[in-house]
There are 2 protein chains.
Amino acid sequence: MVDPALLLEQKGLKVTPQRYAILRFLQQTEDHPTADQLVEQLNRNLPMTSRATVYNTLSTLRDVGLVREVTHEAGVLRYDANIEPHHHFICRVCGRFDDIDWQSFQSLDLSPIAARYPHIENIEVIVRGVCRQCQATGNGQ
Amino acid sequence: MVDPALLLEQKGLKVTPQRYAILRFLQQTEDHPTADQLVEQLNRNLPMTSRATVYNTLSTLRDVGLVREVTHEAGVLRYDANIEPHHHFICRVCGRFDDIDWQSFQSLDLSPIAARYPHIENIEVIVRGVCRQCQATGNGQ
DNA sequence: TCTCAAATTAGATCTATTCTAAGCTTGTAA
DNA sequence: TTACAAGCTTAGAATAGATCTAATTTGAGA
Ligand SMILES: [Mn+2]
Ligand SMILES: [Mn+2]
Ligand SMILES: [Zn+2]
Ligand SMILES: [Zn+2]
């Protein structure tokens with residue numbers, strides 16, 4: 001876990017309480033929260049961050065590459081402080097949204113599309129299914 | 001190209017001019033249009049389909065499995081009548097959104113995640129980069 | 001401490017999508 | 001042919017996430 005203040009400084013951004021809290025929250029969560037979930041969770045105890053600032057800050061952090069936007073569900077924009085290449089699993093039943101290590105799909109071979117797409121910048125595998133918990137409880141089968 | 005009317009009947013849906021036109025358009029396009037693009041293109045010559053009907057019909061077709069929603073860009077929901085498993089390429093510069101054959105990533109091996117996710121329903125690889133045209137013209141480098 | 005560009009804010013606005021309630025079409029049966 | 005019901009289409013209203021605006025506050029450097 002890198003100090004959020006350090007990361008912000010490295011990008012030439014002022015370290016404000018709001019930015020610090022938003023980046024730290026994203027670093028610490030296993031989840032991929034939406035802007036609205038961030039507003040709610042950050043202000044749960046001590047309200048100090050407006051909705052506008054959450055949106056502004058997320059855009060700023062995205063622009064400098066400290067977070068990425070993840071958009072694999074209709075109308076839902078999620079944020080991810082894991083900026084290393086990795087993949088995702090999405091549960092059809094509960095919406096659970098997990099990271100999958102890059103290593104897991106090392107086997108993925110790009111040579112079949114290299115001629116058609118010589119300028120690839122990023123690859124991501126989306127795995128959809130039912131998570132262990134939802135399968136155990138049998139909801140939504 | 002399967003007759004849209006036949007597909008609609010098979011799913012127990014009434015064949016209306018609007019449904020026929022929407023499904024046929026999606027079958028014939030190489031693109032992955034949004035609801036709004038569909039409204040605009042379907043009504044370009046002969047206006048006969050309201051915005052509400054386009055949204056209703058897309059939801060209906062999605063529910064019966066004749067089209068799928070594709071959501072890999074912030075705030076943009078696209079529709080795809082190619083319901084066979086396949087992958088996608090998205091151009092960062094022009095937004096071009098191509099199909100990539102399932103065959104292209106045959107090499108993809110799921111065994112590393114099989115223990116953690118025993119109930120996988122769908123897999124998709126998203127490839128992002130710059131398409132040949134955008135690279136040639138040098139826009140947005 | 002003072003200054004001022006940058007950051008934050010509440011609330012207005014925008015926009016894609018969904019909802020509502022009325023009208024239309026089609027198939028069926030009297 | 002007429003009556004009815006079910007399903008489809010429609011315009012416009014409502015909703016909600018995101019963005020914009022303009023005023024206020026903050027904080028890093030002089
Ligand atoms: Mn992630
Ligand atoms: Mn496709
Ligand atoms: Zn689940
Ligand atoms: Zn392009």
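Chain identifiers are assigned alphabetically (A, B, ...) following the order of the sequence lines, protein sequences preceding nucleic acid strands; residue numbering begins at 1 within each chain.
Here the side chain of B:Thr49 is nearest to one of D:dT10, D:dT9, C:dA7, namely D:dT10.
Under a 4.5 Å side-chain heavy-atom criterion applied to ILVMFWY residues, the cluster that includes B:Tyr55 comprises that residue alone.
Rounded to whole angstrom, the span from the CD atom of A:Glu40 across to the C1' atom of D:dA16 amounts to 16 Å. Atom-to-atom, CD1 of A:Ile22 to C1' of C:dA7 comes out at 12 Å; the value is rounded to the nearest Å. Here C:dT25 presents its P atom at 13 Å from CE of B:Met48, a figure rounded to the nearest Å. Rounded to an integer number of Å, the gap from CD of B:Glu69 to P of C:dT18 is 8 Å. The distance between atom CG of B:Leu58 and atom C1' of C:dC19, rounded to the nearest whole Å, is 17 Å. To the nearest angstrom, P of C:dA6 lies 12 Å from CG of A:Leu13. Taking atom CG of residue A:Leu23 and atom C1' of nucleotide C:dA7, one finds them 16 Å apart after rounding to whole Å. Here the P atom of nucleotide D:dA16 and the CD atom of A:Gln37 are 16 Å apart, to the nearest Å.
Ion pairing of A:Asp36 with A:Arg51 is present here, as a side-chain N (NZ or NE/NH1/NH2) and a carboxylate O approach within less than 4.0 Å. Ion pairing of B:Glu121 with A:Arg128 is absent here, as no side-chain N (NZ or NE/NH1/NH2) approaches a carboxylate O to less than 4.0 Å. A salt bridge between A:Glu73 and A:Arg78 is present, with a side-chain N of the basic residue lying under 4.0 Å from a carboxylate O of the acidic one.
Side-chain N/O atoms of B:Thr60 and B:Thr57 include no donor and acceptor closer than 3.5 Å. A donor and an acceptor atom, one from each side chain of B:His72 and B:Glu124, are located under 3.5 Å apart.
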task = Do nucleotides 18-30 of chain D as a string where each nucleotide becomes B, S or -: B if the base has a protein heavy atom under 4.0 Å, S if just the sugar-phosphate does, - if no protein is that close.
result = BBB------S---
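Residue A:Thr53 places at least one side-chain N or O under 4.0 Å from the OP1 or OP2 atom of C:dT9.
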